[in-house]
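Here's the structure, in structure tokens; my notes come after.
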Protein chains: 2
Amino acid sequence: MKDQTRKKARLSAEDRRALLEDAACACIARGGIRDFTVDKIVAEAGVSRGLITHHFGSMDGLLAAVYSRMYGEWIAAISAPRPGLAPIDALIEALVSPALFSRDVLNVWLTLWGEITTNPVLRAEHRARYGQYRASIAALLREAAPAAAGFDAEAVASAFICLVDGLGVQRCVEPTLLSETDARAACWTLLRPYLDPVGAGSVAKARS
Amino acid sequence: MKDQTRKKARLSAEDRRALLEDAACACIARGGIRDFTVDKIVAEAGVSRGLITHHFGSMDGLLAAVYSRMYGEWIAAISAPRPGLAPIDALIEALVSPALFSRDVLNVWLTLWGEITTNPVLRAEHRARYGQYRASIAALLREAAPAAAGFDAEAVASAFICLVDGLGVQRCVEPTLLSETDARAACWTLLRPYLDPVGAGSVAKARS
DNA sequence: GGCGCTACTGAACGGTTGTACAGTATCAGC
DNA sequence: GCTGATACTGTACAACCGTTCAGTAGCGCC
């Protein structure tokens, strides 16, 4: 009864778009781009077939919206302050947190990356956001580095971003082979020599 | 005329399989998993529609064969000796060479990674090969490291592999933003502190 | 030179794809 | 309460999907 009346509820365009984006993410997380399908998504969202075209014009429009949303959430998550943690520690903790380092999230990223080659809209979105992403990480590194060290923060930031992407790939491909702890350790394997040069001689030592 | 007689040529099962795998790779490189399609692949290979089922049983069978082939070629490429280069230098040169670091190759990898979540056969193949891949890189690191250093080669190898995967992702996503030189530099950003600890104090210095 | 194996063909199949579109129902403004 | 705007529905459609299968033809073998 309630459901019947509920079902007819009308949402604002914005809310409905968000709901459809969520459903699309869920489908992609479950089955990759092969499950990014009108039927699957509307079933997941519990709406009729015509709604996607109505709100996004086409499936490509929906995919672009999903990409934009994912990038925004990623940036927001790594930018959120974590009281009591140094900025770099906060960054790494965010990156290995379930909000970003879960298979659902990472599988959506992997799928979107795979579509970028074919989809100019996605590529434009990436180009617009990536520069800022890298710059903010480079700035973080410069702040965290000891004053004496004069390393190339842009280069380290670039390598760090690639490492994070690669950790995401491995996590997707075989989650049991790469724990959250492993990922944290990998991040420090790259950064420690630059941020903690005092211990450079004993670089072998693991950081708990 | 010639083509007509040529067309009727019969190949060994092995040769035809290789030919279809090549065609499949070409299609995936061009359009991701959406172009991994019976029609597209047989058109690329210049054969009839029924051939894929005949040789591989199903499209999944073909995809598994492609994955296996890609992994084999990857291992072979990084294992090939490069006279005059230290083992680690040879490894990195192989990784940034066009044979491995081209968009065509990397886009196939990206697509296959995206399918692993859904495809148990691919995952089994990965699990079987990854351990050996990582172990061989760890062994290379141990050989290259100065005797005094006692760092965890397995951990560095793991991080290095993730970095390489991430470089591949970035290269696919936006080739103009990541040159072969950039990739080489990123590899050394990770490895130099462990393999060249003498210069650890001046870790900032770029290696040409 | 004929025989049998099998690589190979191509039409046919039911199911799924994304989009178009005519029609319905709900809510805001008056 | 009426009206207009629009969120929403659901059928229709042509194109394409992977697989099946009966039939054809090239090649090794005797």
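In what follows, every chain begins at residue 1, and chains take the letters A, B, ... in the order their sequences are listed. What you see is a predicted model, and the numbers here were worked out from it, not measured in a lab. Worth knowing before you read on, the calculation uses all heavy atoms, side chains too, and leaves out hydrogens, waters and symmetry mates.
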Legend entry - Closest to side chain of Arg49(B), choosing from dG18(C), dC8(C), dA11(C): dA11(C)

Legend entry - Minimum-distance nucleotide (side-chain atoms of Val47(A) versus dT9(D), dC8(C), dA7(C)): dT9(D)

Inset, instruction - Round to a whole Å and report the spacing from CD of Glu14(A) to C1' of dT6(D). - result: 16 Å

Legend entry - Atom-to-atom span, CG of Leu20(B) to P of dA7(C) - whole angstrom: 12 Å

Legend entry - salt_bridge(Arg103(A), Glu174(A)) N-O dist < 4.0 Å: no

Legend entry - Main-chain N/O of Ala29(B) paired to Asn107(B) side chain as donor or acceptor, under 3.5 Å: yes

Legend entry - Polar side-chain atom of Ser102(B) near backbone of Ala99(B) as donor-acceptor pair, under 3.5 Å: no

Inset, instruction - Provide the closest heavy-atom pair for Ser58(A) versus Ile52(A) in the form atom of the first, atom of the second, distance. - result: O-CG2, 4.3 Å

Inset, instruction - Check for a donor-acceptor pair, side chain of Ser97(A) on one end and backbone N or O of Ala94(A) on the other, with a separation under 3.5 Å. - result: yes

Legend entry - Residues touching DNA chain D, which here means a heavy atom under 4.0 Å, drawn from residues 24-43 of chain B: Phe36(B), Thr37(B), Val38(B), Asp39(B)

Legend entry - Where protein sits on nucleotides 25-30 of chain D, one letter per nucleotide: B base, S sugar-phosphate only, - none, heavy atoms under 4.0 Å: BBS---

Legend entry - Parallel, tilted or perpendicular: ring planes of Trp109(B) versus Trp113(B), cut at 30 and 60 degrees: tilted

Inset, instruction - Without swapping roles, check the side chain of Ser179(A) against the backbone of Thr181(A) for a donor-acceptor pair under 3.5 Å. - result: yes

Inset, instruction - State whether the side chain of Arg129(A) and the backbone N or O of Ser68(A) hold a donor-acceptor pair below 3.5 Å, judged by distance alone. - result: yes

Inset, instruction - Grab the CG-P distance between Leu62(B) and dT19(D) for me, whole Å please. - result: 10 Å

Legend entry - Tyr194(A) side chain to Thr189(B) backbone, donor-acceptor under 3.5 Å: yes

Legend entry - Backbone N/O of Thr117(A) and side chain of Arg123(A): donor-acceptor pair under 3.5 Å: yes

Legend entry - Contacting residues from residues 52-61 of chain A, given that a heavy atom lies under 4.0 angstrom of DNA chain C: Ser58(A), Met59(A)

Legend entry - Arg16(B) side chain near dC8(C) phosphate (N/O to OP1/OP2, under 4.0 Å): yes

Legend entry - salt_bridge(Lys40(B), Glu44(B)) N-O dist < 4.0 Å: no

